[in-house]
Structure formats: structure tokens, C-alpha cells
2 protein chains.
Amino acid sequence: MSKQTGPLAPVGLSADAPCCPPLAEQRLPAGTAAVLAPAFKALGDPVRLQLMSMIASAEGGEVCVCDLTPAFDLTGPTISHHLRTLREAGLVDAERRGTWVYYRARPALLRQLAALLTVVPATARRECP
Amino acid sequence: MSKQTGPLAPVGLSADAPCCPPLAEQRLPAGTAAVLAPAFKALGDPVRLQLMSMIASAEGGEVCVCDLTPAFDLTGPTISHHLRTLREAGLVDAERRGTWVYYRARPALLRQLAALLTVVPATARRECP
DNA sequence: TGTCAACCTAGATGCATGTCTAAACAAACG
DNA sequence: CGTTTGTTTAGACATGCATCTAGGTTGACA
């Protein structure tokens with residue numbers, strides 16, 4: 001295969017569940033767990049968590065790889081590998097424009113993960129307006 | 001991160017940040033990433049994600065291990081290993097009462113992870129109090 | 001006290017992952 | 001057309017992890 005192995009894995013359920021399937025409210029089906037666990041796993045590395053943060057918080061919504069690489073004491077290929085992991089998890093998206101490649105976050109899946117983790121304990125219920 | 005790598009690592013920053021340090025708003029410091037990444041990694045396995053859901057959604061806030069084990073096609077030791085992983089990540093807490101061991105969720109860290117993932121798109125900015 | 005059940009620990013094994021170097025590919029520039 | 005720079009792929013190596021079987025610990029109960 002000359003091109004890509006897993007370009008933009010569409011995750012399968014990001015489209016129809018935009019906001020709130022909370023984890024603490026009912027037992028997670030095995031299928032959903034199998035789909036979402038890889039996303040958590042992708043965030044389970046300090047380097048990738050920082051990369052994700054740098055991409056998500058970037059001005060204009062995107063970052064050049066050339067700005068990401070020098071922020072770590074790692075080689076270019078290693079950063080590229082971590083970016084690919086984030087890409088295959090559906091957390092980011094890449095686009096080449098001329099010499100440089102730009103990464104941007106995919107908020108749909110991020111929102112889904114956040115909603116899943118949202119715990120609303122009965123003792124101290126707290127709502128965002 | 002100069003603490004211990006031990007069993008119930010108190011995560012070190014769960015107490016003072018109750019609500020909203022969003023990932024997409026500023027770059028995550030390396031230290032914070034190193035502390036939070038293990039929690040995401042712990043959730044990065046389908047079995048543990050389901051265990052976490054079963055614990056967090058349990059009636060009365062706790063579950064007996066004897067109710068968790070038969071829900072999977074895995075041996076007892078394997079379930080115990082996964083529960084230990086969740087425990088060492090600070091996501092759950094265990095207590096022995098008589099013959100059985102009960103697990104309950106620790107909402108502080110869960111809230112922190114959820115807040116971190118909260119994406120605040122510029123089009124619909126949303127602020128917590 | 002002895003025995004049984006629930007749960008955990010120890011050690012082994014095969015697969016996955018993080019990192020590197022070397023090399024390939026892509027785009028710009030002389 | 002060749003060279004230089006940015007980025008990804010390929011392959012290798014060491015470490016980590018999910019799972020198992022076997023054995024240990026704890027508590028209840030006759």
C-alpha cells in the first residue's frame with residue numbers, strides 16, 4: 001500500500017451522538033467501549049496529550065508540525081508516529097499545504113469523550129449554564 | 001511528580017482545580033500531562049472502560065467485585081489486574097467489608113479529565129462560573 | 001479449629017508500544 | 001535538473017501490557 005493505512009477512521013458513532021451519553025448513568029455497552037477506548041488510549045501518553053493540547057489550543061485552529069517537533073526532546077519520526085496515532089484515533093486531522101503539514105483538532109470525538117466522563121454526583125451537583 | 005508511584009497516587013492536583021482547566025485553551029504543561037496521561041491510559045482498554053462505567057453507574061455508588069467478574073469472559077485474576085490499574089490511576093477506590101470487596105468511583109479525577117477534554121468552540125463559547 | 005469461598009499476588013508468555021536510525025517521498029528553490 | 005528542507009515510512013530494539021495458571025490471604029461459618 002502506497003498511501004495511507006487508516007486515514008480518517010470515522011469512529012462510527014460520532015455523528016449521531018453529538019453531546020451527552022454519560023458514563024456514570026448506565027453501563028457502557030461493549031461495542032461502545034471498544035470504539036471509544038482507543039481514543040482514550042491515544043490520549044494515554046504524555047507526549048500525545050501535550051500534542052493534543054497544542055493542536056486544540058492553537059491560534060486559528062491549526063498548527064504546523066514544524067512548530068510541534070521542536071517543543072519536545074524527541075526526533076521527528078517519533079513525533080510523526082505520535083501524530084499518526086492521534087490521527088488514527090480520530091482525534092486530529094492533517095492537511096498538507098505546500099511544504100508544511102498542518103494539524104487541527106476534531107472536536108466531535110473530544111466532546112463525546114468529555115460527555116462520557118461527565119460525572120454528576122448527587123451530593124454536589126454542579127451545572128454549567 | 002516527586003511523590004510516589006504507589007497504589008493510591010493522589011494525583012497531586014485534584015483538590016484545587018474542581019472544575020475547568022480546558023485543554024483547548026492553553027498548552028498543557030509537561031508536568032500536568034505526565035500526571036493525567038496515566039488516567040487516560042487506564043481508560044484506554046475496553047474492559048477497564050466498561051468496569052469504570054459499571055462502577056460509576058452502580059446503585060449506591062459501589063459494586064462488589066463478585067458482580068463485576070461474571071460480566072466478562074475473563075478470569076478473576078485478570079479482572080483483579082484491571083481493577084488494580086484503575087485503582088493506581090486514582091480513578092476508583094476499593095474497600096473490603098467482610099468477604100467481599102467493593103469498588104467505588106472517585107469523581108474528582110473523572111471531573112478533571114472531563115474538564116480537560118471540554119472543547120469550547122469559538123462559535124459557541126461557554127463559561128463555567 | 002478446619003474448611004470453603006472470595007479476592008489478590010506471583011510468575012510466565014506472547015503481543016503491543018515508544019523510541020531510534022536509515023531511507024523514501026514531497027515540495028520549494030537555485 | 002540537482003539540492004535542500006520538511007515530513008513520513010520501514011525496520012529494529014527494548015520495554016510494557018493483557019492474559020493465563022498456580023498459589024497465597026482474608027474472612028465467614030460449621
Side-chain angles (χ1 to χ4, degrees), chain A residues 1-9 30 33-34 37-52 54-55 62-89 91-104, chain B residues 5-9 30 33-34 37-52 54-55 62-89 91-104:
Chain A
M1 54 181 63
S2 54
K3 263 303 185 62
Q4 70 282 60
T5 52
L8 299 176
F40 283 117
K41 182 191 270 189
L43 294 175
D45 181 280
V47 172
R48 286 196 293 267
L49 199 51
Q50 279 186 274
L51 283 170
M52 191 68 226
M54 293 175 73
I55 295 169
E62 60 182 16
V63 204
C64 174
V65 175
C66 59
D67 288 331
L68 296 173
T69 304
F72 299 87
D73 267 348
L74 294 171
T75 63
T78 298
I79 296 296
S80 180
H81 159 73
H82 285 305
L83 288 173
R84 165 146 87 168
T85 301
L86 290 174
R87 221 187 319 146
E88 291 179 349
L91 289 165
V92 301
D93 210 347
E95 183 194 357
R96 171 162 226 141
R97 285 205 304 277
T99 306
W100 292 283
V101 175
Y102 296 87
Y103 277 78
R104 58 176 59 235
Chain B
T5 55
L8 297 177
F40 283 116
K41 182 190 273 189
L43 294 174
D45 182 280
V47 173
R48 286 196 294 267
L49 199 52
Q50 282 187 91
L51 284 170
M52 190 69 227
M54 293 176 73
I55 296 169
E62 61 183 16
V63 203
C64 174
V65 176
C66 59
D67 287 330
L68 297 173
T69 305
F72 300 88
D73 268 347
L74 294 171
T75 64
T78 299
I79 297 296
S80 181
H81 158 73
H82 284 306
L83 288 173
R84 167 146 86 169
T85 302
L86 290 174
R87 221 185 321 143
E88 291 179 348
L91 289 165
V92 300
D93 211 347
E95 183 194 356
R96 169 163 226 142
R97 283 204 306 277
T99 305
W100 294 282
V101 176
Y102 295 88
Y103 277 78
R104 59 175 59 236

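Numbers restart at 1 for each chain; the letters A, B, ... are given by sequence-line order, proteins then strands. Treat the numbers as computed from the prediction; the structure is a model and nothing was measured.
At whole-Å resolution of the value, CG in Asp45(B) and P in dA16(C) are 13 Å apart. Distance Ile79(A) CD1 to dT21(C) P: 14 Å, rounded to the nearest Å. When rounded to the nearest whole Å, the span between NE2 of His81(B) and P of dT13(C) equals 18 Å. Rounded to whole Å, atom P of dC20(D) lies 9 Å from atom CG of Asp73(B). Atoms CG (Leu86(A)) and P (dT8(D)) sit 12 Å apart, rounded to a whole Å. Here dG18(C) presents its P atom at 4 Å from CZ of Arg48(A), a figure rounded to the nearest Å. Between Arg87(A) atom CZ and dT7(D) atom P the separation is 13 Å, expressed in whole Å. Taking atom CG on Leu83(A) and atom P on dT8(D), their separation rounds to 6 Å, with Å as the unit.
Closest to the Thr99(A) side chain, of the nucleotides dG6(D), dT7(D), dC8(C), is dG6(D). Candidate nucleotides dT21(D), dT19(D), dG6(D) were compared by shortest atom distance to the side chain of Cys66(A), and dG6(D) ranks first. Distance from the side chain of Trp100(A) is smallest for dT7(D) among the nucleotides dA22(D), dA28(D), dT7(D). Out of dT7(D), dA18(D), dC20(C), the shortest distance to the side chain of Val101(A) is found at dT7(D). Nearest nucleotide to the Arg84(A) side chain, out of dT9(D), dA27(C), dA6(C): dT9(D).
The side chain of Lys41(B) contributes no N or O atom lying less than 4.0 Å from OP1 or OP2 of dT17(C). Tyr102(B) has no side-chain polar atom (N or O) that falls below the 4.0 Å cut-off from OP1 or OP2 of dA6(C). For the OP1/OP2 pair of dT19(C) and a distance below 4.0 Å, the side-chain nitrogens and oxygens of His82(A) include at least one atom meeting the criterion. Dashed line: the shortest gap from a side-chain N or O of Thr78(B) to OP1 or OP2 of dA18(D) is not under 4.0 Å. Side-chain N/O atoms of Ser80(A) include one lying less than 4.0 angstrom from OP1 or OP2 on dT8(D).
Contact between Ala89(A) and Pro38(A) at its shortest, heavy atoms only, is CB-O, 4.2 Å. Heavy-atom minimum distance, Leu86(A) versus Leu43(A): CD2-CD2, 4.5 Å. The minimum heavy-atom distance between Ala33(B) and Gln50(A), with the atom names listed, is CB-CG, 3.6 Å. Minimum interatomic distance between Pro70(A) and Cys66(A) (heavy atoms only, all atoms of both residues): CD-O, 3.1 Å.
Judged by closest nucleotide on DNA chain D, Arg96(A) is the one of Pro77(A) and Arg96(A) placed further toward the 5' end. Positionally, the nearest nucleotide of DNA chain C for Cys64(B) lies more toward the 5' end than for the other of Gly98(A) and Cys64(B).
We find the NE2-CG distance between His82(B) and Leu49(B) to be 12.0 Å, quoted to the nearest 0.5 Å.
Residue Phe72(A) is classed as having no contact, given no heavy-atom separation below 4.0 Å to the nucleic acid.
Side-chain atoms of Met54(B) and Tyr103(B), non-hydrogen and from C-beta on, never get closer than 4.5 Å to each other.
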